[in-house]
Amino acid sequence: MIGRQPDENPAGIHLPLDPLPGHTSRGRLERVLRRGEFAVTTELNPPDSADPEDVYNRAKIFDGWVDAINAVDASGANCHMSSVGICALLTRMGYAPIMQIACRDRNRIAIQGDVLGGAAMGVANMLCLTGDGVQAGDQPGAKPVFDLDCMSLLETCRIMRDNGKFLSGRKLTTPPQLFLGAAINPFAPPIDFRPYRLGKKIAAGAQFVQSQYCFDVPMFRTYMQQVRDLGFTEKCFILCGVGPLASAKTAKWIRSNVPGIHIPDSIVKRLEGAQDQKKEGKQLCIDIINEVKEIPGVCGVHVMAYRQEEYVAEIVDESGVLKGRQPWKREIRRDDQLVADRLDHILHDEITETQVDMVKTAH
Amino acid sequence: MSEKTPAITQATLVKKAAPKSDYKPADVSPQRRVQRSFAVRLWSVRHSRLLEWFYARFSDMFLLLHPLWKRIGYGRVEGPIKFVEKRVKGFMFDCRMCGQCVLSSTGMSCPMNCPKQLRNGPCGGVRANGNCEVEPDMPCVWVKAWEGSRNMAHGDKILDVQKPVDQSLRETSAWLRVTAQAAAAREAARNVPKPGAPA
């Protein structure tokens, strides 16, 4: 018999899982979170190419270390392979992608179509974002759309899922089954409004949230305290965003150029003082994970290691957040393996057999 | 910190590579180019309590005049009312005439002035000094909205989830729409027989 991993459809890895009571999606991430396990998600650096192998190679390094992979939607307003395309490729191979939808590039007509298309391909998780302004990217002359905002986008997806209707009220034959996510940034002003904004997002339909990079743990702790006092941790899974900084120079650059990322001076000093700044950046990330995982209400981490994706596995391993659990891993089925072992040589051997030869060898 | 060192982003590089000419327009977004300074808008946010009170009286007055509007015809008064509304709200709040005014839920800070036109709260890109991500020299519309809402009696309306903007209502009068809707609601309430009252 084929040894099956948890959260895998026996009929095929690309197929949705069996529906469970209390679950709104048929994906892996929701199951992991609802079981109360500490979830790990990460971000795939989208390729600037039309080769599917580029996506698969970039996803492969996360194998067995993460529960879901974010497919970013032109983050920073820089053009890359679309999140729908990446999700189409990843779902074929059984990965659990989180499809990011940004409001910057598409209006409500296009977005609702993409939600249906994504769900039909087996995308179970969708993350609703506002998106960076076009001025931040490589094509600042583009027309910013912002027809919906993250909140009305969440509500739109929720209406499609729960009421089985488009925003217009027109009925869907089969509503999408989704686990809806949103982003939070506890580190940007107005600080005292931020917890209430999470409440708004939950009211609009958010079931899980991923935070912006957390480098200021005390600030995050205060935020979580407020969120707990408002009772939001019972209604929503909160994943804390973390990531390694490559050097003190990168930290300073990010601080002054990337909007919304707050890096305290102590972090920059710690990196500057280190012999090997890259290693220190990784260690810093592990230390932050170890601190935030103890905060009540934090259900997981979202590891964003832009251009350092190879470190994700090490960071997850060394921080020990999985507690021995192994997330789903793409494996060759045992019967396929058997066939491959026996017959793989025919792909490489340079034998051209004629029928006459075959008759001779048979005798 | 970020003010001293000029930020070199991808966009800066793209701009630098663009062909040069003697005409150099101000380096702000197109939305800012049609707009004056925002001193008056900030005054309105600072006096949100007063404006809230005034707005309540004002909408009552408009509702009282409902029979008049109806006599003349809403369609016919729309032109002049819109003319006044556009100029008054344009001066006070830098109004964009979306036709679905939510000023009372957003601390008297018009959310359509946000470069992303967010109607449900600030994005994650607000700078540490409370300025906008897209316009570094403009205070974030939503930081101001939160401040303004804290002064208001019904400031917690900022926590309601707003529906997406109906773009087909652009350049129409929100005052008349609200009045007509309130009048219709009043009619409906009047037509429902009160429980216990003789039929």
Student: Could you check whether A:Thr250 and A:Ser247, counting side-chain N and O atoms only, form a donor-acceptor pair closer than 3.5 Å?
Tutor: yes
Student: Cut-off 3.5 Å, side chains only: do B:Glu52 and B:Asn151 have a donor facing an acceptor?
Tutor: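 No, B:Asn151 and B:Glu52 have no side-chain donor paired with an acceptor closer than 3.5 Å.
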Student: Is A:Leu153 close to chain B through its backbone or its side chain, or both, or neither, when contacts mean heavy atoms under 4.5 Å?
Tutor: neither
Student: Less than 4.5 Å to any heavy atom of chain B: does that hold for the side chain of A:Arg104, its backbone, both, or neither?
Tutor: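 Looking at A:Arg104, nothing touches chain B.
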Student: If you count heavy-atom pairs under 4.5 Å between each of B:Glu147, B:Gln117, B:Lys116 and chain A, which one has the most?
Tutor: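 Heavy-atom pair counts peak at B:Lys116.
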Student: Shorter than 4.5 Å, heavy atoms on both sides: which option in A:Asp149, A:Asn185, A:Val258 has the most such pairs with chain B?
Tutor: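 Answer, by heavy-atom pair count under 4.5 Å with chain B: A:Asp149.
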Student: Regarding A:Tyr213 and A:His302, is there a side-chain donor-to-acceptor distance under 3.5 Å anywhere?
Tutor: no
Student: What option among B:Gly121, B:Ser149, B:Pro122 has the most heavy-atom pairs under 4.5 Å with chain A?
Tutor: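 Option with the top pair count is B:Pro122.
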Student: Under 4.5 Å, counting heavy-atom pairs only, tell me which of B:Val165, B:Asp160, B:Val143, B:Val126 racks up the most with chain A.
Tutor: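 Among B:Val165, B:Asp160, B:Val143, B:Val126, the one with the most close pairs to chain A is B:Val126.
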Student: Treating B:Asn113 as the side-chain partner and B:Phe93 as the backbone partner, does any N or O pair qualify as donor plus acceptor under 3.5 Å?
Tutor: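 Side chain of B:Asn113 to backbone of B:Phe93: a pair is present.
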Student: Please classify the contact between B:Gln162 and chain A as side chain, backbone, both or neither, with a heavy-atom cut-off of under 4.5 Å.
Tutor: backbone
Student: Let's go through B:Arg177 and B:Thr172 carefully: what are the C-alpha distance in whole Å and the side-chain angles of both, what is the deciding distance for side chain to side chain donor-acceptor pair (under 3.5 Å) to 0.1 Å, and is it a yes or a no?
Tutor: CA-CA 8 Å; B:Arg177 176 168 299 107; B:Thr172 61; 3.1 Å; yes
Student: How close do B:Ser104 and B:Met152 get, heavy atom to heavy atom, and via which atoms?
Tutor: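 Nearest pair, atom of B:Ser104 first, then B:Met152: O-CE, 3.2 Å.
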